[in-house]
Enquirer: 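Here's a structure for you.
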Amino acid sequence: MTSSAGRPVPPRGPLKYTSVDDIVETHTRTKNGFNSRKTRDIAFRKQQLAQLAHMLQDNTARFEEALRADLGRHPNDTHLCELGSCHAHIMHVLKHIDSWTRTKSAPFDIMWFVMSPKACAVAAGNTVVLKPSESTMATSALLAELFPKYLDPDCYAIVNGAVAETSKLLSLRWDH
């Protein structure tokens, strides 16, 4: 199925939730990814940030359509208010990561954390497990599809679900 703009429309079927067993495996995998120290390497962080930017850039139309399906948002609004600012922030982090990582103090102010916590977490050398809202089915499904294609799955993952899956995530020790 395609939209009026000729773009593929994300499926509106039920969102495939991550199984509780897979959540435990994701926790173990990302914890092991962090403990492997690969995220300490600035070049690795830069590569993952670049991949995050590519994920947004390569899939702009798909994100626009997913947010239209989920929230009824016009693609222009999505591009200007969501995708453009996220991409610009990721590029800002990429531009400054070398100088920021030379100091021992955290280089980010609170606004950057609010605007793009994934990019800041990657830049800081952390692993990320993101649990998007189950109310945004198309966007959540798209993130679950794209994250492992663009980012190292040993360090970055998406978990989809509702109460049971969120409860399982919250029951695990995340060392944050």
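The first residue of the sequence shown is numbered 1, and numbering continues consecutively from there.
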Enquirer: Main chain of Thr127, side chain of Thr30: is a donor-acceptor contact present, judged purely on distance under 3.5 Å?
Expert: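 It does not hold such a pair.
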Enquirer: Looking at NE2 of His96 and CE of Met91, how far apart are the two atoms once the value is rounded to the nearest 0.5 Å?
Expert: 11.0 Å
Enquirer: To check you understand the geometry: which heavy-atom pair defines the closest contact between Ala124 and Arg45, and what is its length?
Expert: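 Heavy atoms only, the tightest pair is C-NH1, 3.5 Å.
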Enquirer: Are Val159 and Leu172 linked, directly or through intermediate hydrophobic residues, by side-chain heavy-atom contacts shorter than 4.5 Å (ILVMFWY only)?
Expert: yes
Enquirer: Please report the shortest heavy-atom distance between Trp100 and Val93, naming the atom on each side.
Expert: CZ3-CA, 3.8 Å
Enquirer: Are the side chains of Asn160 and Pro132 in touch, meaning some heavy atoms are under 4.5 Å apart?
Expert: yes
Enquirer: For the pair Lys118 and Phe147, evaluate side chain to side chain contact (heavy atoms under 4.5 Å, CB included) and give the outcome as yes or no after the intermediate values.
Expert: CA-CA 12 Å; Lys118 291 177 293 298; Phe147 249 57; 3.8 Å; yes
Enquirer: Does any N or O in the side chain of Arg29 come within less than 3.5 Å of the main-chain N or O of Pro153, such that one atom is a donor and the other an acceptor?
Expert: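 Pair found, side chain donor or acceptor close to backbone of Pro153.
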Enquirer: Starting from Ile158, can I reach Leu83 by hopping between I/L/V/M/F/W/Y residues whose side chains sit under 4.5 Å apart?
Expert: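 Leu83 and Ile158: one cluster.
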Enquirer: Compare all side-chain heavy atoms of Phe44 with those of Val122 and state whether any distance is below 4.5 angstrom.
Expert: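 No, their side chains stay 4.5 Å or more apart.
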Enquirer: Is there a side-chain contact between Ser19 and Glu165, using heavy atoms and a 4.5 Å cut-off?
Expert: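 When only atoms from C-beta onward are counted, Glu165 and Ser19 do not touch, as no gap falls below 4.5 Å.
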Enquirer: If you round to the nearest 0.5 Å, how far is CG of Asp58 from OG1 of Thr60?
Expert: 8.0 Å
Enquirer: Taking the basic N atoms (NZ, or NE/NH1/NH2) and the acidic carboxylate oxygens, is any pair closer than 4.0 Å for Glu64 and Arg73?
Expert: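 Looking at Arg73 together with Glu64, the answer is no, because their closest N to O distance does not fall below 4.0 Å.
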Enquirer: Between Lys31 and Trp174, does a side chain to side chain contact (heavy atoms under 4.5 Å, CB included) hold up when you go through it step by step?
Expert: CA-CA 8 Å; Lys31 188 171 184 142; Trp174 291 96; over 6 Å; no
Enquirer: Within the side chain of Ser85, is there an N or O that forms a donor-acceptor pair under 3.5 Å with the backbone of Glu82?
Expert: yes
Enquirer: Please name the pair of heavy atoms, one in Leu130 and one in Leu143, separated by the smallest distance, quoted to 0.1 Å.
Expert: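 The pair with the smallest heavy-atom distance is CD2-CD1, 4.5 Å.
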Enquirer: When rounded to the nearest 0.5 angstrom, what is the spacing between CD in Gln48 and OH in Tyr150?
Expert: 13.0 Å
Enquirer: Any heavy-atom pair between the side chains of Phe63 and Leu146 that's under 4.5 Å?
Expert: yes
Enquirer: To the nearest 0.5 Å, what is the distance between NE2 (His89) and CG (Leu52)?
Expert: 10.0 Å
Enquirer: Could you tell me whether the side chain of Asn126 reaches within less than 4.5 Å of the side chain of Thr39, counting heavy atoms only?
Expert: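 Of all side-chain heavy-atom pairs linking Asn126 with Thr39, none is under 4.5 Å.
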Enquirer: Quick check: do His27 and Val129 have side-chain heavy atoms less than 4.5 Å from each other?
Expert: no
Enquirer: Evaluate the criterion side chain to side chain contact (heavy atoms under 4.5 Å, CB included) for residue pair Lys38 and Asp152; output intermediate values, then yes/no.
Expert: CA-CA 10 Å; Lys38 73 166 87 176; Asp152 184 327; 2.8 Å; yes
Enquirer: Under the side chain to side chain contact (heavy atoms under 4.5 Å, CB included) rule, what do Asp154 and Asn32 come out as? Steps first, then yes or no, please.
Expert: CA-CA 7 Å; Asp154 289 338; Asn32 290 341; over 6 Å; no
Enquirer: Within the side chain of Thr101, is there an N or O that forms a donor-acceptor pair under 3.5 Å with the backbone of Asp98?
Expert: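 Yes, because the side chain of Thr101 sits within donor-acceptor range (under 3.5 Å) of the backbone of Asp98.
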Enquirer: I need the minimum non-hydrogen distance between Cys86 and Leu56, along with the two atoms involved.
Expert: CB-CD1, 3.9 Å
Enquirer: Could you check if a side-chain atom of Cys155 sits within less than 4.5 angstrom of a side-chain atom of Leu151, using non-hydrogen atoms only?
Expert: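 The answer is no; the side chains never approach within 4.5 Å.
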Enquirer: How about Tyr17: does its OH atom have over 12 heavy atoms from other parts shown lying under 6.0 Å from it?
Expert: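 For Tyr17, atom OH is crowded (more than 12 foreign heavy atoms under 6.0 Å).
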Enquirer: Hey, what do you get for OG1 (Thr78) to CG (Leu71), rounding to the nearest 0.5 Å?
Expert: 7.5 Å
Enquirer: Using a 3.5 Å distance criterion without hydrogens, assess whether the side chain of Thr136 forms a donor-acceptor pair with backbone atoms of Ser133.
Expert: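 Yes, the answer is positive, given that a donor and an acceptor are paired below the 3.5 Å cut-off.
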Enquirer: Can you see which heavy atom on Val128 is nearest to which on Ala121, and at what distance?
Expert: CG2-CB, 3.6 Å
Enquirer: For the residue pair Glu145 and Arg62, establish whether any side-chain heavy-atom pair is separated by less than 4.5 Å.
Expert: yes
Enquirer: From Thr18 OG1 over to Lys131 NZ, what is the distance, rounded to the nearest 0.5 angstrom?
Expert: 9.0 Å
Enquirer: Specify the closest pair of heavy atoms between Ala66 and Leu142, including all atoms of both residues, with the distance to one decimal.
Expert: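 Result for this residue pair: CB-CD2, 4.3 Å.
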